[in-house]
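Structure, as structure tokens:
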Amino acid sequence: MTNREADAADPNIDVNDQAQGKPATFCTRKGCKCKGCKCVKVRRTCDEHCACKPTECENRGKFEEFKEWGREKIKINFDIKYQNHFDADSGAKNVPETCRKSLDYVKLLLPEEVATHIVKESNLYAAYCKSPEIILQQKHYKDKMAEDKKNGTWIKKRKLSEYVVENIPEQTNQQQHEEEDEQEDEEINGEERLIEDEEGEAEERRSVKSFKQWCLQLPADFVTPEVITIKMLWSYIACTLVMGLQPYNTIDQCWEKRDPTTMLYGNDNIKALMAKNKWKLVHRFLHFDQEWLEERVNLLFQKYYRPCNIVSVDEMMSKFLGKCGFRMFMPLKPIKFGLKYFSLADKRGYTFNFWLYRGSKSQQATDTVSIVIDHLEKLPKDKKFLLGTDNYYGSLTLMKEVIEKFSNIYYISTVRSNRPTWLFTPLAKEAKDQTKKVKNDNGRNRGYSWRSNPDGTISAITIEDNKLVNFISNFISPTVISNDKEILDAQSIYNHCMQCVDIADKKIGEYYLFPHRKTKWTRVYFFMLLKVIIVNAFIIKKSECQDSRMSQMDFIHNVITGIKCQHNVRARRGAPEHTLVKGDKKQTHCKHCKKTGSSVRHYCEKCKVYLHKKCFVEFHSKTSLLNQE
């Protein structure tokens, strides 16, 4: 039977329509119950010309719903001036009056509670790594691994318990029957059978205990050794900041003796901050509870800042090439391999909420609708926001959820053509066939088509740009009249509100915090979190003090200097350190502020200049401590 005869025999196909040249298109939607489709091979989608019966095709009835969508304007009044994104009702809030220095703003977002948690977990992890039980298990694991490498039976990423069993020699059928009989006898007697080695000693084959398993078995009177202190942690943070500003090829080069002829290696500030052995000790045993830390820091982000009226949700990446079950590959991102974070940021680049994607181990729901809704629930309810997302999140389902749960969100997003197909497939055809052309932001003529739902709350727009682009919104009509010309408004608003996370990414990656290779994902997460804290603290200080002259580089300089002065770090041998000392005499003016009429009793021991206590940090930040010998 030919295809023409098969079509003639099919009751769902109108042969007269084919004879008149009408397209015979049928539904190929996944899960379709249509019986008469013959177009699966050509991958056509269902439209209004489909010959399938509505009762047989699940997607067929959806196009009837599309006919109900008209061209009425959206009823919501859009009253946000998105050109002026730094509105007056945004910026720092609840900041204590005692916050004056740059380090104080960092400690707002990284308080003593968080630092104590990191130190406690790190000390516990150091005790785990140094416990005799774990050392013996690791030694047994390494010995077995070396033995199997010699025999050629070792497989990478395999646990000890897996490949030890694999090394048992093959048994004959007679030996297998004898062992089965012995097992049955032992089960009857209720005895446990142990595998005996060549020497006749019973050995329990097990892998190395994890840190969580070891912590659960600790006795109640266990005393955690104090390997790392809070002072060491802050010195470690300051060293990583300096390493980002002045990177070297290896870590050891930071502590090498400086060659007076070349001046290539060695950093006096890192040497003054911390000894190399202590830095490596903290770097090795750095540990924390990722879920607790993430939740606590996000609460602090939301406590001390009120976001701008333009926000966006997008992904952020931190580079990581080590072994990790949830390491992501994103070929279209600048950082292709690494850890992925879902972030909510505003137009200033302030990260208001973010969390690490850990696959099935993530606490949050990982579907696109839940990701956006979870972020929006953190925004203030008494303020209106303009939200933008890309086509990874945008869909008609998400739009309905936003309208139902949030009355203060103006939402616009690009959408993929299959979210849903019945809505954007006809719009794409209309946009291509549209004779009326309008101009986009670049002044090019483009065709477009749009529809709004019967309630007048959702508009779907398709624009024929370099390729078809679909938009969905709850506040915008497709065009606006400007200078007697019809210009597309959807593209301009979307481009304006989709740069928020990109601005935050740029500020976070502007200065590499720690440029060296990281083998543990926890270190990558810690450095990423520290960079977000530094950027957010800088934005809080700048919005509160309204100091437009301060740059992010100056802020990091002040943080490093504050750590050196506040935590009284070690001084380099043979050279006095910058410390504030009370002198015997009084001076009439300060070297920094040069205010006369007030007595100044304190002076810097190294610089030999008299300074006020409040002027000490600012004076040394301007003298560029990072470049001094």
Side-chain angles (χ1 to χ4, degrees), residues 29-32 45-46 54 58-80 309-315 342 344 353 364-381 383-428 430-431 448-463 468-478 489-491 493-494 497-498:
R29 184 181 174 88
K30 188 176 181 180
C32 177
T45 56
C46 185
E58 178 182 312
N59 198 31
R60 181 69 180 90
K62 295 291 184 180
F63 284 92
E64 300 296 331
E65 183 178 346
F66 173 76
K67 295 179 181 179
E68 299 177 1
W69 285 52
R71 296 185 183 273
E72 298 180 1
K73 291 186 177 181
I74 301 300
K75 298 178 181 179
I76 298 178
N77 182 22
F78 179 56
D79 55 357
I80 289 182
N309 53 16
I310 297 178
V311 294
S312 65
V313 176
D314 208 347
E315 307 96 33
F342 292 105
L344 171 68
N353 187 59
Q364 298 84 353
T366 56
D367 61 289
T368 55
V369 176
S370 300
I371 289 170
V372 178
I373 297 298
D374 177 64
H375 282 304
L376 293 182
E377 288 175 351
K378 306 296 189 298
L379 290 173
K381 307 298 181 184
K383 184 179 180 180
K384 294 182 179 181
F385 294 94
L386 172 59
L387 170 69
T389 60
D390 57 18
N391 60 10
Y392 178 75
Y393 306 94
S395 65
L396 183 61
T397 306
L398 175 58
M399 178 59 70
K400 292 179 179 178
E401 288 286 331
V402 171
I403 293 174
E404 181 181 354
K405 295 184 178 181
F406 306 98
S407 59
N408 62 330
I409 301 294
Y410 297 126
Y411 179 43
I412 184 170
S413 174
T414 52
V415 191
R416 297 177 184 177
S417 58
N418 60 345
R419 295 181 180 178
T421 305
W422 60 266
L423 178 59
F424 290 103
T425 300
L427 286 176
E430 291 180 3
Y448 76 97
S449 179
W450 70 286
R451 289 286 193 278
S452 61
N453 64 342
D455 299 335
T457 56
I458 303 173
S459 64
I461 308 164
T462 299
I463 300 173
L468 288 172
V469 183
N470 302 315
F471 294 92
I472 194 167
S473 174
N474 65 343
F475 68 93
I476 193 172
S477 298
D489 198 20
Q491 282 180 313
I493 294 180
Y494 175 78
C497 68
M498 265 307 295

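This chain uses plain numbering: 1 for the first residue, then up along the sequence. Note that the coordinates shown come from a computational prediction; the quantities given were computed from them, not determined experimentally. Basis for what follows: all heavy atoms, side chains included, without hydrogens, waters or symmetry-related copies.
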Can you measure from [atom1] ([X]) to [atom2] ([Y]) and round to the nearest 0.5 angstrom?
| X | Y | atom1 | atom2 | result |
| --- | --- | --- | --- | --- |
| Leu386 | Ile412 | CG | CD1 | 7.5 Å |
| Ser417 | Leu468 | OG | CG | 8.5 Å |
| Lys384 | Ser407 | NZ | OG | 8.5 Å |
| Asn309 | Leu387 | CG | CG | 12.0 Å |
| Ser413 | Asn474 | OG | CG | 11.0 Å |
| Ile461 | Tyr448 | CD1 | OH | 9.5 Å |

Intermediate values then yes/no, side chain to side chain contact (heavy atoms under 4.5 Å, CB included), Leu396 and Trp422: CA-CA 11 Å; Leu396 183 61; Trp422 60 266; 4.0 Å; yes

Side chain to side chain, [X] and [Y], heavy atoms closer than 4.5 Å:
| X | Y | answer |
| --- | --- | --- |
| Phe424 | Asn418 | no |
| Phe406 | Ile373 | yes |
| Val311 | Leu344 | yes |
| Thr457 | Phe475 | no |
| Phe385 | Ile310 | no |

Pairs touching residues 394-410 that satisfy salt bridge (charged side-chain N to carboxylate O under 4.0 Å, His left out), sequence neighbours left out: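 For residues 394-410, and leaving out neighbouring residues, the salt bridge (charged side-chain N to carboxylate O under 4.0 Å, His left out) pairs sorted by first residue read Glu401-Lys405.
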
Contacts of Tyr494 that satisfy ring pair (Phe, Tyr, Trp, His ring centres under 6.0 Å) - sequence neighbours left out: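 Testing Tyr494 for ring pair (Phe, Tyr, Trp, His ring centres under 6.0 Å), a comparison that skips the adjacent residues, returns Phe471.
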
Is it true that a side-chain atom of [X] and a backbone atom of [Y] form a donor plus acceptor pair closer than 3.5 Å?
| X | Y | answer |
| --- | --- | --- |
| Asn470 | Thr462 | no |
| Asn453 | Trp69 | no |
| Asp390 | Tyr392 | yes |
| Ser473 | Tyr411 | yes |

side-chain contact (heavy atoms from CB on, under 4.5 Å) partners of Ser312, counting only residues at least two apart: Met498, Cys500, Val501

side-chain contact (heavy atoms from CB on, under 4.5 Å) against Asn391, all qualifying residues, sequence neighbours excluded: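 With sequence neighbours excluded, Asn391 shows a side-chain contact (heavy atoms from CB on, under 4.5 Å) to Thr414, Arg416, given in chain and number order.
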
Compare every heavy atom of [Y] with every heavy atom of [X], then report the nearest pair and how far apart it is.
| X | Y | answer |
| --- | --- | --- |
| Leu427 | Ser449 | CD2-OG, 3.5 Å |
| Ser370 | Asp367 | OG-OD1, 2.8 Å |
| Cys497 | Gly388 | SG-CA, 3.8 Å |
| Thr366 | Ile371 | O-CD1, 3.5 Å |

Any residue meeting side-chain hydrogen bond (donor to acceptor under 3.5 Å, both in side chains) with Thr397, in chain and number order, not counting sequence neighbours: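 Not a single residue meets the side-chain hydrogen bond (donor to acceptor under 3.5 Å, both in side chains) criterion with Thr397.
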
Can you list, pair by pair, the side-chain donor-acceptor contacts under 3.5 Å of residues 374-381, counting residues two or more places apart and other chains?
from, atom 1, to, atom 2, distance (Å)
Asp374, OD1, Lys378, NZ, 3.3
His375, ND1, Asn353, ND2, 2.9
His375, NE2, Phe342, O, 3.4
Lys378, NZ, Asp374, O, 3.3

Side chain to side chain contact (heavy atoms under 4.5 Å, CB included) between Gln491 and Ile463, worked out: CA-CA 9 Å; Gln491 282 180 313; Ile463 300 173; 3.9 Å; yes

